[in-house]
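A short write-up of the structure that comes next.
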Amino acid sequence: MANSYLETSFIDYWDEVIRQWLDHNSKDELFTEDAEEQHTVINAINENCKNSATYKLNTNHMPEPYWGNPLNCSIVLLDYNPAGGPEPNRHTTIIYKDGDEKGMTLIKHVKDEKSYSSFAKKCPVFRDADDLKEEGMGWFCAKKEKGGKGGYEGYHWWQSKRGWLDHLVEAIYGKKDEKENRPLPFGMELCGWHSKKWSSNMAWIDSCRDIIDKRAIKPLLECLKLGPKKMAVCIGAKFDSGLLGQFFNDKNVLFEDVTTTTFEEIDKKALIDRVKDDPLFKKYEELTYSVEPGNDNIHVVAKWKNKGKEEKPKNRYYRIYKITEDNKSYYILNTFAPGSNHHPGKHFWPFEKVLIEKMMG
């Protein structure tokens with residue numbers, strides 16, 4: 001499906017940014033014209049974290065702003081930024097090998113494809129290893145060998161999210177028919193540059209608001225508008241209504257935090273009965289649910305069955321955002337756990353099914 005904004009201001013834009021990065025090899029004079037705004041983002045984040053090696057953006061690694069096809073996807077995953085610290089790592093800089101394939105780095109492959117989008121749209125991060133090997137891309141998913149050699153490191157991180165995303169897509173659209181060729185997910189970054197860790201200090205947003213709006217938030221909305229039931233998900237406590245709402249409320253759209261109202265509409269007894277009957281919940285004794293006063297988070301606690309030892313309960317939080325434009329609604333599901341940016345474990349999936357059915361119904 002065509003979308004001129006996504007094609008020009010997102011896909012073509014990032015192709016040009018990465019083309020310039022490849023040509024200049026991360027020198028200070030890296031970008032010109034529209035791509036130059038990336039200097040603003042890089043400098044703002046690095047100054048914000050006081051150039052800490054832990055949080056500083058690493059321009060020695062090729063930016064990875066997205067994976068997949070924003071014009072044809074089943075669900076959108078919005079992330080903070082790709083991992084990869086100041087030292088060389090297996091995302092973009094080390095030579096890999098797999099069988100007879102030698103020297104197939106992500107950088108070389110993007111160069112061979114003539115553009116980042118040509119490779120990214122194939123969505124290799126969400127595809128099975130066997131499929132990739134059949135297409136001569138076994139290097140991408142190769143397991144790490146002794147000495148540091150192996151495939152693209154990010155493949156295994158994205159693959160770890162695949163089961164969870166598949167479960168969400170099934171909750172949205174229903175079980176997949178064997179003959180149905182459902183599109184793959186689309187993963188995108190708030191910031192396309194690598195860092196070892198993502199700082200919780202988001203003050204840099206103020207000086208980069210227009211850039212993030214143009215290169216991440218508006219593309220997200222345009223992507224959601226292409227599908228009949230498009231939904232986005234994001235993992236992390238910093239994706240709160242204050243952060244996201246400041247962007248969407250500038251677009252002549254209505255942005256609402258509907259966490260509390262959605263939760264109140266769920267039949268709690270039916271919810272508990274349904275969750276307990278789900279095989280994914282068999283290791284747990286109970287789930288408890290509550291909406292926290294003052295912050296509107298749905299707090300879900302999973303308690304383990306007593307097997308002779310004390311197990312800490314598993315805590316998870318959820319927020320639901322509704323975006324309305326031209327009488328059409330789109331949803332963003334935000335989830336996080338204390339001290340973690342991992343996706344929810346399977347014991348939370350039955351609850352998520354009920355939540356999404358209420359959201360999208």
Side-chain angles (χ1 to χ4, degrees), residues 1-6 9-10 66 68-79 164-176 182-188 190 212-236 238-267 270-271 289 291 295-298 300 317-336 344 348-349 351-361:
M1 189 178 294
N3 183 290
S4 59
Y5 189 91
L6 282 172
S9 296
F10 185 74
Y66 67 92
N69 186 354
L71 302 173
N72 184 29
C73 61
S74 55
I75 193 170
V76 183
L77 171 60
L78 176 64
D79 190 34
W164 178 58
L165 292 173
D166 286 346
H167 131 73
L168 294 177
V169 170
E170 183 176 305
I172 297 169
Y173 296 97
K175 285 196 173 182
K176 184 177 179 180
R182 184 174 288 164
L184 291 168
F186 175 66
M188 64 182 297
L190 190 68
I212 299 301
D213 182 32
K214 187 164 48 176
R215 307 305 180 191
I217 302 300
K218 186 171 181 182
L220 170 64
L221 179 57
E222 292 301 311
C223 187
L224 292 174
K225 288 159 66 173
L226 290 177
K229 289 186 176 181
K230 283 290 174 62
M231 185 181 85
V233 292
C234 50
I235 304 170
K238 293 302 175 181
F239 285 119
D240 58 20
S241 58
L243 174 68
L244 294 176
Q246 67 177 307
F247 294 102
F248 288 109
N249 284 333
D250 279 355
K251 291 185 170 28
N252 297 317
V253 301
L254 177 62
F255 177 90
E256 302 172 272
D257 184 331
V258 295
T259 306
T260 300
T261 54
T262 303
F263 185 70
E264 287 176 349
E265 292 174 359
I266 295 174
D267 183 325
L271 167 64
Y289 316 90
V291 175
N295 60 22
D296 290 336
N297 299 328
I298 300 175
V300 184
Y317 299 87
Y318 293 89
R319 303 167 178 146
I320 305 166
Y321 309 129
K322 181 180 179 182
I323 305 162
T324 305
E325 183 179 32
D326 297 330
N327 295 318
K328 294 182 179 179
S329 297
Y330 315 96
Y331 292 89
I332 299 176
L333 177 65
N334 172 230
T335 182
F336 59 96
F348 292 109
W349 294 7
F351 167 72
E352 292 178 350
K353 289 179 184 178
V354 176
L355 194 62
I356 290 171
E357 288 171 5
K358 179 59 66 174
M359 288 165 51
M360 309 293 286

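Along the sequence shown, the residues carry numbers beginning at 1.
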Is there a side chain to side chain contact (heavy atoms under 4.5 Å, CB included) between Leu254 and Glu325? Walk through the geometry before answering.
CA-CA 7 Å; Leu254 177 62; Glu325 183 179 32; over 6 Å; no
For Leu71, is there any backbone N or O sitting under 3.5 Å from a side-chain donor or acceptor partner on Asn69?
yes
So, using ring pair (Phe, Tyr, Trp, His ring centres under 6.0 Å) as the criterion, who are the partners of Tyr330 when residues are at least two apart?
none
From Met231 atom CE to Leu77 atom CG, the distance as rounded to the nearest 0.5 Å:
10.5 Å
Tell me, do Cys73 and Cys223 make a side-chain contact under 4.5 Å, heavy atoms counted?
yes
Taking Tyr318 for the side chain and Leu355 for the main chain, is one N or O donor matched with an acceptor at less than 3.5 Å?
no
List for me each residue that meets side chain to side chain donor-acceptor pair (under 3.5 Å) alongside Asp257, sequence neighbours excluded, and say none if there are none.
Thr259
Here the gap from Asp240 atom CG to Cys234 atom SG, rounded to the nearest 0.5 Å, amounts to 9.5 Å
Which pair of non-hydrogen atoms, one from Pro183 and one from Asn72, has the smallest distance, and what is that distance?
CG-OD1, 3.3 Å
Quick one: ring pair (Phe, Tyr, Trp, His ring centres under 6.0 Å) partners of Phe263, sequence neighbours excluded?
none
Can you tell me how far CG of Leu220 sits from CG of Leu224, rounded to the nearest 0.5 angstrom?
5.0 Å
Would you mind reporting whether Lys218 and Phe10 have side-chain heavy atoms less than 4.5 Å apart?
no
Does a side-chain heavy-atom distance below 4.5 Å link Ile332 with Val233?
no
Provide the closest heavy-atom pair for Arg182 versus Ser74 in the form atom of the first, atom of the second, distance.
CG-CB, 4.3 Å
Could you tabulate the donor-acceptor pairs under 3.5 Å formed by side-chain atoms of residues 164-172, not counting sequence neighbours?
from: Trp164; atom 1: NE1; to: Glu352; atom 2: OE1; distance (Å): 3.0
from: His167; atom 1: NE2; to: Glu352; atom 2: OE1; distance (Å): 2.7

Measure from the side-chain N and O atoms of Arg215 to the backbone N and O of Ser9, and report whether any donor-acceptor pair falls under 3.5 Å.
yes
Quick check: Phe351 with Tyr289 (ring centres under 6.0 Å apart)?
yes
Is the Phe255-Tyr321 ring centre distance short of 6.0 angstrom?
yes
Using salt bridge (Lys or Arg N to Asp or Glu O under 4.0 Å) as the criterion, list what pairs up with Lys230, not counting sequence neighbours.
none
Return the set of residues passing ring pair (Phe, Tyr, Trp, His ring centres under 6.0 Å) with Phe336 (not counting sequence neighbours), or none when no residue passes.
Tyr317
Distance check, rounded to the nearest 0.5 Å: Ile323 atom CD1 versus Lys225 atom NZ?
10.5 Å
Residues passing the side chain to side chain donor-acceptor pair (under 3.5 Å) test with Ser329, sequence neighbours excluded, are Thr324
For Phe186, ring pair (Phe, Tyr, Trp, His ring centres under 6.0 Å) partners two or more places apart
Tyr66
Rounded to the nearest 0.5 Å, how far apart are NZ of Lys322 and OG1 of Thr262?
8.0 Å
Quick check: closest heavy atoms across Phe248 and Val253, and the distance to 0.1 Å?
O-CG2, 2.9 Å
By side chain to side chain donor-acceptor pair (under 3.5 Å), Thr335 pairs with (sequence neighbours left out) Arg316
Would you sort out whether Asp79 and Leu190 count as a side chain to side chain contact (heavy atoms under 4.5 Å, CB included), showing the intermediate values?
CA-CA 6 Å; Asp79 190 34; Leu190 190 68; over 6 Å; no
With sequence neighbours left out, write down each residue that passes salt bridge (Lys or Arg N to Asp or Glu O under 4.0 Å) with Glu357, or none if nothing qualifies.
Arg274
Can you tell if the side chain of Asn3 reaches within under 4.5 Å of the side chain of Leu226, non-hydrogen atoms only?
yes
Applying salt bridge (Lys or Arg N to Asp or Glu O under 4.0 Å), name anything that partners Arg319, two or more places apart in sequence or on another chain.
none
What distance do Ile235 atom CD1 and Asn334 atom CG have between them, rounded to the nearest 0.5 Å?
9.0 Å
Which atom of Leu243 lies closest to which atom of Lys238, heavy atoms considered
CD2-O, 3.1 Å
